[in-house]
Amino acid sequence: QVQVVESGGDSVQAGGSLRLSCVASGYNFPNGCMGWFRQTPASGEEREGVARIDGDSKATYGDFVEGRFTISKDNAKNTVYLEMNSLDVADTGIYYCAVRRLRCGSGWSLLAQSKYWGHGTQVTVSS
């Protein structure tokens, strides 16, 4: 049974940084896909892809990231990280982690369809 738990969300001022962590216990698929989505006031009910990292450590980012975020993983710890810098008020939202046994594939849909999701961690950026 895979359980996904996010942590690291906090309240910060614009321009600040945060590091999110996601531990996927029971997950032992080093070639699988791990990633982050978020739900913001602007996205409404939609969860938009923030960053994903594939089994070969290839990283892909949402267009809005613009070089500010870095995703990384530690296979030994079944953990994926999201380092976020130059945070903007528009980054405020709930950040969710998702993992998949198989590779990411192209686009966000395969990871988004995974049954392994965390409950989210709140990120609040104030001006």
Side-chain angles (χ1 to χ4, degrees):
Q1 183 75 9
V2 177
Q3 291 188 321
V4 180
V5 179
E6 306 96 335
S7 63
D10 206 344
S11 296
V12 296
Q13 289 195 323
S17 299
L18 281 176
R19 188 192 196 208
L20 306 184
S21 299
C22 167
V23 179
S25 58
Y27 176 85
N28 188 25
F29 302 99
N31 292 323
C33 181
M34 307 178 83
W36 294 90
F37 292 79
R38 71 181 189 181
Q39 193 171 349
T40 68
S43 72
E45 294 297 317
E46 179 184 349
R47 295 182 182 183
E48 56 184 359
V50 178
R52 67 182 189 265
I53 186 164
D54 217 331
D56 60 0
S57 295
K58 176 185 175 183
T60 303
Y61 298 92
D63 291 341
F64 57 85
V65 170
E66 298 179 326
R68 300 178 298 135
F69 300 172
T70 302
I71 188 171
S72 61
K73 64 174 180 171
D74 184 334
N75 287 334
K77 296 181 179 180
N78 293 332
T79 300
V80 61
Y81 305 98
L82 185 67
E83 185 77 34
M84 303 190 294
N85 299 310
S86 301
L87 283 163
D88 185 82
V89 173
D91 294 315
T92 295
I94 303 173
Y95 284 68
Y96 298 91
C97 177
V99 301
R100 185 171 187 266
R101 288 192 174 98
L102 301 177
R103 298 286 294 267
C104 292
S106 61
W108 297 97
S109 60
L110 290 178
L111 184 58
Q113 291 167 16
S114 173
K115 59 182 178 179
Y116 304 124
W117 282 78
H119 293 293
T121 185
Q122 176 71 44
V123 172
T124 302
V125 185
S126 59
S127 58

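Quick caveat, the model's predicted, so the values are computed rather than measured. All heavy atoms count here, side chains included; hydrogens, waters and symmetry mates do not.
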**Study point:** Closest approach of Ala14 to Ser127 (non-hydrogen atoms, all atoms of both residues)
**Key:** CB-CA, 4.4 Å
Check your understanding: Does CG in Asp56 sit with more than 12 non-hydrogen atoms of other residues, nucleotides or ligands closer than 6.0 Å?
Key -> yes
Review point. Side-chain heavy atoms under 4.5 angstrom apart, residues restricted to Ile, Leu, Val, Met, Phe, Trp, Tyr: same cluster for Leu110 and Val99?
Key: no
Review point. Would the number of heavy atoms belonging to other residues, nucleotides or ligands and lying under 6.0 Å from CD of Gln122 be above 12?
Key: yes
Practice item. Kindly indicate whether the side chain of Val4, heavy atoms from C-beta on, has any atom under 4.5 Å from the side chain of Cys22. Key: yes
Check your understanding: Are Ile94 and Leu18 co-members of a hydrophobic cluster defined by side-chain heavy atoms under 4.5 Å apart?
Key -> no
Review point. Mind checking whether Leu87 and Leu82 sit in one hydrophobic cluster, side chains of I, L, V, M, F, W, Y counted as touching below 4.5 Å?
Key: yes
Point to revise | From CH2 (Trp117) to CZ (Arg47), nearest 0.5 Å | key: 5.0 Å
Study note, to complete from the structure: Closest heavy-atom pair, Glu6 versus His119, reported as atoms and distance to 0.1 Å, is OE1-N, 3.2 Å
Practice item. With Tyr116 as reference, evaluate Gln3, Arg101, Arg100, Gln1 under the side-chain hydrogen bond (donor to acceptor under 3.5 Å, both in side chains) test and give the passing residue. Key: Arg101
Check your understanding: So, do Val80 and Trp36 sit near enough that their side-chain heavy atoms are less than 4.5 Å apart?
Key -> yes
Point to revise | Single-linkage hydrophobic cluster Ile53~Tyr61, side-chain heavy atoms < 4.5 angstrom | key: yes
Practice item. Check whether any side-chain heavy atom of Asp74 sits under 4.5 Å from a side-chain heavy atom of Tyr81, and report yes or no. Key: yes
Review point. So, are Asp91 and Arg68 salt-bridged, with charged N and O less than 4.0 Å apart?
Key: yes
Review point. Is a donor on one side and an acceptor on the other found under 3.5 Å between the side chain of Lys73 and the backbone of Cys33?
Key: no
Review point. Should Phe64 and Val50 count as side-chain neighbours, where that means a heavy-atom distance under 4.5 Å?
Key: yes
Check your understanding: When rounded to the nearest 0.5 angstrom, what is the spacing between CG in Leu111 and CG in Leu102?
Key -> 11.0 Å
Review point. Are the aromatic ring centres of Phe37 and Trp108 under 6.0 angstrom apart?
Key: yes
Revision key, fill the gap. Of all heavy-atom pairs linking Ser17 and Ser86, the shortest is OG-N, 4.4 Å
Exercise for review: Please round to the nearest 0.5 Å and tell me the distance separating atom CG of Asn31 and atom OG of Ser57.
Suggested key: 10.0 Å
Review point. When you measure from the side chain of Tyr95 to the backbone N and O of Cys97, does any donor-acceptor pair fall under 3.5 Å?
Key: no
Exercise for review: Take Val123 and Met84, measure what side-chain contact (heavy atoms from CB on, under 4.5 Å) needs, and give me the verdict at the end.
Suggested key: CA-CA 11 Å; Val123 172; Met84 303 190 294; 4.0 Å; yes
Check your understanding: Hey, any chance Ile71 and Phe29 share a hydrophobic cluster, counting ILVMFWY side chains that come within less than 4.5 Å of each other, even indirectly?
Key -> yes
Point to revise | Donor-acceptor contact below 3.5 Å, side chain Thr79 vs main chain Lys77 | key: yes
Check your understanding: Yes or no on side-chain contact (heavy atoms from CB on, under 4.5 Å) for Glu48 and Thr40, after CA distance, side-chain angles and deciding distance?
Key -> CA-CA 9 Å; Glu48 56 184 359; Thr40 68; 4.0 Å; yes
**Study point:** Worked check of side-chain contact (heavy atoms from CB on, under 4.5 Å) between Ser7 and Thr121
**Key:** CA-CA 6 Å; Ser7 63; Thr121 185; 5.6 Å; no
